[in-house]
Amino acid sequence: ADVKSIAILTPEEGTDYGWNQQGVDAAKAAAAATGVEVVVAQGLGYGDVRPTLRELAEEGASLLIAHASGYNTSAPEIANELKVPVAIVDTPSALKKGLVADYTLSGHEGAYLAGRLAAKMTRSKAVGIVVSGEPPSWNSQSAGFAQGVKAENPDVKVTYAVIGPAAYSDAAGGKRVTESVIASGADIIFGQGNGSSFGMLQAVETTKAADGGKVYFIDVIGDKTPIDKGFLLSSVVWNITPVYTAMINDLKADTFGTKSYSIGLKDDSVKLLKTAAIPDNVWTEVQALREDVISGKIKVEPVFEATAVRALMTNVSE
Amino acid sequence: MSAETQAMSATALDTSNGTPARRDIQRRIIMTLGPILAALIIAGCILLAVGVNPLTYYGFVLERGLLSPLGVQQTLTRMAPLLFLAAGLIVAFRAGMWNLGGDGQFLLGAVTAAASGPLLVQVLPAWLALFCAFLLATAIAMLWSLVPALLRAYQGVNEIITTLMMTFLGTSLANVLVKLVFLDPSTTVPQTRTLPVEDRLPRLFDTTITSGLLLGLAAILIVHFVMTRTAFGLKLQIVGANPRAAVHAGLGVPKLTIAVFAISAGLAGLAGAVDIIGVQGNVRADWNPAYAMAVIPVVFLARMNGIAAIGFVFMLSVLSIGGESAARRLGVPHHFTLVLVSIVLIMLALAEYIDHRYNQSRKA
Amino acid sequence: MTGLFSEVFLGALLFGAVTAAIPLLLAGLGEQMSEKAGVLNIGIEGMMIFGAYLGFVGAFYSGSLWLGFLTGALGGMVVALLMALLCVRLGLNQIVIGIGLTLGLEGLTALLHHFQFSRSYPRLPAADRTVIPFLADIPILGPALFRQHLIVYMAIALVFVMGYIYRRTQLGLNLQAAGDKPAALDVAGIDVVRTRTIAVLTTGALAGLGGAYLANVGAGIFIPFITNGAGFLGIVLAMLARGRPVWVLFGALLFGVCLSLTTAMQVAGINIPTDVIQMLPFLAVMIMLVLFGRRASLPAALGIPYERGAR
Amino acid sequence: MTNVSISPAATPDIVVLDRVTKRFPGIVANDSVDLAIRPGEVHVLLGENGAGKSTLIGMLSGLQQPDEGRILVDGTPTPITSPRHALSLGIGTVFQHMMLVPTLTVAENLLLGGSWWQRPKTEELEARVTEISRTLGITINLHARISELSLGEQQQVEILRALVRNSRLLILDESTSMLTPKGIDELGALMRRLVEQGLAIVFITHKLKEAAAFGDRISVLKLGRKVGEIPPERFRALGEDEIISEIVELMFGKRKDDPEAEEKAPRVLPASAAPLLEVRDIEVPATANTPGLSAISFDIRPGELLGIAGIDGNGQKQLAEALAGQLPTSGGTIALEGKRLDGLSVGERRESGLRYLTDDRLGEGTVGSFPVSINFFLKQVGAAPFWRSGIEQRAEIDKRAGELVREYDVRTPSLKTPVGRLSGGNIQKVLLARELAEGAKAVIFNKPTYGLDLANTLATRQRIREIAARGLAVLLISTDLEELLSMCDRIAVISSGRLVGTVENTGDARTRVGRLMIGLAA
Ligand SMILES: Nc1ncnc2c1ncn2[C@@H]1O[C@H](COP(=O)(O)OP(=O)(O)OP(=O)(O)O)[C@@H](O)[C@H]1O
Ligand SMILES: Nc1ncnc2c1ncn2[C@@H]1O[C@H](COP(=O)(O)OP(=O)(O)OP(=O)(O)O)[C@@H](O)[C@H]1O
Ligand SMILES: [Mg+2]
Ligand SMILES: [Mg+2]
């Protein structure tokens, strides 16, 4: 089919060095690569996006990318109603030829590597995970990270803390909880959150580890290097461009909606960010692990349920 | 008595129900449009300050919210839950009780409807299933309002704090219910089961307008009718306008208080249900559109008149649908809509004050 | 339990509880002053968010946290001035104007943040802590309570200052009279409108300071909607405290401790659903309301505009 | 009581009111009033309820500004713009309605008014209070909370407050209404000592004995106009009884142009008729601000008009509300036509035929923002034929309301006019129409002509007579003695919540009721 323009819808502004920004940037890159127009509708919130979906469809978008798990009920409905192809996240069961495609983005493999990296680098033998909520895509990374840590060194403690329900904008909560986790001994924080992740970063930057040294931060999805002050150890960076490019190509080839797209270590759509803070020998070891994951020598199963995630953490009463 | 003094009811509840004099209507229109214009100018200055042409912005708002066929359908669809909420608030405010807990009641109604709807449609005829879901949502929201109602009726505890707290609590509870109790097992996304599109409230004709709009209109018209034309409504209004007169006239104020909370919360619960059963199909974790907070000022501006509230809810919907679109097209965050609504509100309140003062000086 | 529950960790939890409590404390103290004077200040959330924004702007551009606190307080006062004009002087409905101001300022600060900071997300350096000699060495309590930023001690001292003002000063008498019997204050020769205006402006300053603390010390960054209902919690705390500043402190600390408790449970690996734990603080407040919310705890003239000689 | 004040002619007036007029919507509260207030003199202001005394005080204390006329302070025209200004001019007022903050202590109340940045000067205050107390013989616990004090003690606090402020002019608006006889005597002695120290005092009271005992000069207000003055020279020349009779003449004196003054046609009641309304031993506990009722008992026969006389605030309102069911009683019985009413709700009592016409027309009698038509039926909401199945029958309501408007001559622009916009007299007609409509058997009137002008007053009284003539039992509560004398068959006098005596309205009833009212035996 003829693809003239695509549209991407994100819940928050595409300036968050995270989920929204990666989506918007990827849509722009994929559009540029395939020579189509792109319309960006950002900051739509977590409410009802049907009006915007309809409006974009009316404006002639050939593909609507609904880049939030909260949009995966409304977008397929609009696809059926207006016969316009949509792409949604986290819902592989919703595939429909020509209309609905799914891309389930799970960085669990990358998070696993991040866990290995953290376990290698922690001085205190304790790391922490701080999240501002428990959506499936974050759960799988929390789990992947914990699995990586345990695989590298079962003696490293992993603590886990959720800031609070709907605490996406609770930067103060992010900082407070992260400080507590650092105080519990962690010197590496694996943080996931939108606005609140800046609070976590702030905590890492302003709190000393138990040994008086630096606490490092491992980010997810985006690349916060431009705003880093030397505390960013790494990030599980997602590159969604290949996914969107494939979608556009499938749309052109009339094979849209026949498969789920995903990201992984193999094509570097999930990769660990190399920063100056990672010693070269450690990085080499991690790269070797990456090969093992790709080759299937190491299997990392995604875990999506919050309860299962929490079960993976170090239980202090043991 | 001259026509000028007649119009002074600007501040009082307009219960005279009569056909107001033409001059009166004219004045009302001027006193409504004037402040809105002033608000648009002030908000326009903010837009200018951030480098956006206000005329383009307002143009887009109007075009999407009001003039484009698809846009206006969205506007009308958005009105449905807002109308229910407005209806509930009218009952409470007219009876002199500040129910600020609408958002908690709304969410619990929504979750109840989302939990029961998809299950009920499997065993009952669709219409009956939806009806039962509506009933359940109403009942749960009513139950939720019982704590503030009893505290206010028998202990005299200020309902502002209790309803505020119950809204915090209700929001959390709704979340817990979605994530732990009514979770859809077939998806990893924390949300309730989804009511299939074909089982939802039918759409009107060939449009995308939900028939929830008609229910909402019916609700607010019924509330308007009940409040202005029935014995029950009159009793509530007496309690609201002059509680001592209510005692003097022998009305059972505590029971009426509980009734008011139940109706108000029930309508808020219905608002949640109609949004779920009409449009959304399910409730996702952490979903809270916070409609009730936005509707409170609107109801006040409409002077708690159901008919006028329809107009103001329409205006709010136009601003919200059109504002989202204009913001997207101009690269302004859609939060600007909040700013616009707030300035409009303050201007209208000021205009009312000026009008009132002017009348008083005329009278003296 | 061993391991994780080290002194350092417990200290940090308590430290976090105090940090979370300070904005609530300031908001609650502010609201308490308005309520004492007979004004139900629903706009406090708007005052906080604007204080948070301006406080951050001030601290970021000047590099001085103290200047940030000053601009934050001023920001809150600007909103309070509007509230005082509309609700105290003109007698417009306090609830409606309060909600209106809150909505508008949430939107406005989000807007300003978008154009100003949404690319750079500037963060402030760590706030200096003032270590109180000897006390700071007490296990657990020391690091939590006596190694805080100076403003924390000031906020806590403010509780006693407020108590002193209410009980021992002319202003305190005036405020209480303005809320309980404005006509009596008027015939005693004190302008009720002016007294209430002072109260509302003070509320604005305290709420703004609370917002600034939240952004500058609590988070080290401003992001939209950062106050997250703290102002509304302040209203509830003030109403529950029945005019006594110390109770606002207890309430705020209780709330902070509840928050830290949820973190502690999670870090301890206790597998209770987070969302259930998170209801704890609200539930605690609601139970207090049911138990202690009786009538007569609010000033007689709360929410009623004063007009001289009106019968 | 000796009268040794300095010769008034020698001292200049502190405050002079010069043709002062004050209007409120619908009423001229003060009509061109002249008044001179001198140091060393207790100037007594007398007048019926609503005569305009408090309004006059309001203007002196800066709460209100005159519409016409001027106020001279020390001979210079001085607009008194605010209470603060009045205080700075040395005018201290004890208002009719308690003006203390109940949640503060005595000391705190006395300190109220200092600059806000200052610390309360407690020590200074204590010294002042000790000094004043010593010279004046007041004892008051400075640290007691106002809400814990009796009303009499609160009055003393207010007086103390005016004195602490170094007032040159002390105004006491009905300060004795809540005092015990002993307290009243003490206040009188206090006033005497104060004027001896050179203060000027304006003293408002309803008790003529007090006026005669404590005053140096008396001015009488009536319907906003000053109708007479007894200067000190004359005052000293007369004995107490003569003064009282002169005041009575000024206040209640026979009005030649007043048709009311006609002798009441003696009515013949069937002596054997059984009582229609029987009230036995009604008890109501007192609260912080209101007196209670103790052992109130009376009977009213069909067609009989029983009056309740007394100074305002002695339990009249509590009595009416207890009968109507608005105020819970702690004992006693009420029976109408032999049917027990106590225990029934307000609505049920009304159903049974007991009607209550409140004195608080706007506060509880009507909903001011509602139209006239609805206000007629405020106590019948939901009843047929005006509501059917709960739905308002506008045609029925308007039809009946129209009839009532005509029948009761309610002057309203339309049935839809909010009732609050009508004049007081017309609002009263709406209430009358409402209470006297179908099914009334016994009616309680609480100050039915309060605030009404002459024509409306006469019309209302006529209505009341008519319904009594129809065989209803009527309880007429009024503070207007003239009204009771002209209408009632018997008059009971209420004082401090109990009935102190009942007088048949014949011959010398005026004197006997008057004596009961001022605390003497009939
Ligand atoms: N607040 C008001 N708004 C509009 N009209 C009013 C208002 N107050 C009074 N009026 C009108 O002004 C006119 C005069 O009212 P006023 O109260 O002076 O009557 P009045 O002479 O005292 O009569 P009455 O003897 O019945 O008390 C009436 O027609 C009344 O309806
Ligand atoms: N603020 C006001 N607004 C409207 N009417 C008023 C106001 N103040 C007084 N009036 C009216 O003015 C008249 C005079 O009232 P005022 O209080 O001066 O009487 P008074 O002589 O002190 O009576 P009392 O003996 O009952 O105290 C009354 O009819 C009253 O209703
Ligand atoms: Mg008076
Ligand atoms: Mg009148």
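Given the structure is predicted, the values throughout are model-derived calculations rather than measurements. So you know, we letter chains A, B, ... as the sequences are listed, proteins then strands, and number each from 1.
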Which pair of heavy atoms, one from B:A245 and one from D:V367, lies closest together, and at what distance? CB-CG2, 4.0 Å
Work out which heavy atom in B:I238 is nearest to a heavy atom in D:F370; give both atom names and the distance. CG1-CE2, 3.7 Å
Heavy-atom proximity to chain B below 4.5 Å, by part of D:S389: neither
Is D:R349 close to chain B through its backbone or its side chain, or both, or neither, when contacts mean heavy atoms under 4.5 Å? neither
Check whether D:L415 gets within reach of chain B through its side chain, its backbone, both or neither, counting any heavy atom under 4.5 Å. neither
Identify the heavy atoms of D:D360 and B:R244 that sit nearest to each other, and give their distance. OD2-NH2, 2.7 Å
Nearest atoms (heavy-atom pairs only) where D:Q326 meets B:V247: CG-O, 4.1 Å
Return yes when atom CD of D:E396 has more than 12 non-hydrogen atoms of other residues, nucleotides or ligands closer than 6.0 Å, and no otherwise. yes
Highest number of heavy-atom pairs under 4.5 Å with chain B: which of D:T366, D:V372, D:V346, D:I374? D:V346
Ranked by heavy-atom pairs below 4.5 Å to chain B, first place among D:E348, D:R350, D:E364 goes to D:E364
Under 4.5 Å heavy-atom distance to chain B, tell me which part of D:F377 shows up: side chain, backbone, both or neither. neither
Any chance CZ of B:F225 has more than 12 other-residue heavy atoms, nucleotides or ligands included, within less than 6.0 Å? yes
Tell me if a side-chain donor or acceptor on B:N242 pairs with a main-chain N or O of D:G368 at a distance below 3.5 Å. no
Reported NE2-to-CD distance for the pair B:H248 and D:E321, which is rounded to 0.5 angstrom: 9.0 Å
Taking every non-hydrogen atom, the tightest pair across D:S369 and B:A241: OG-CB, 4.3 Å
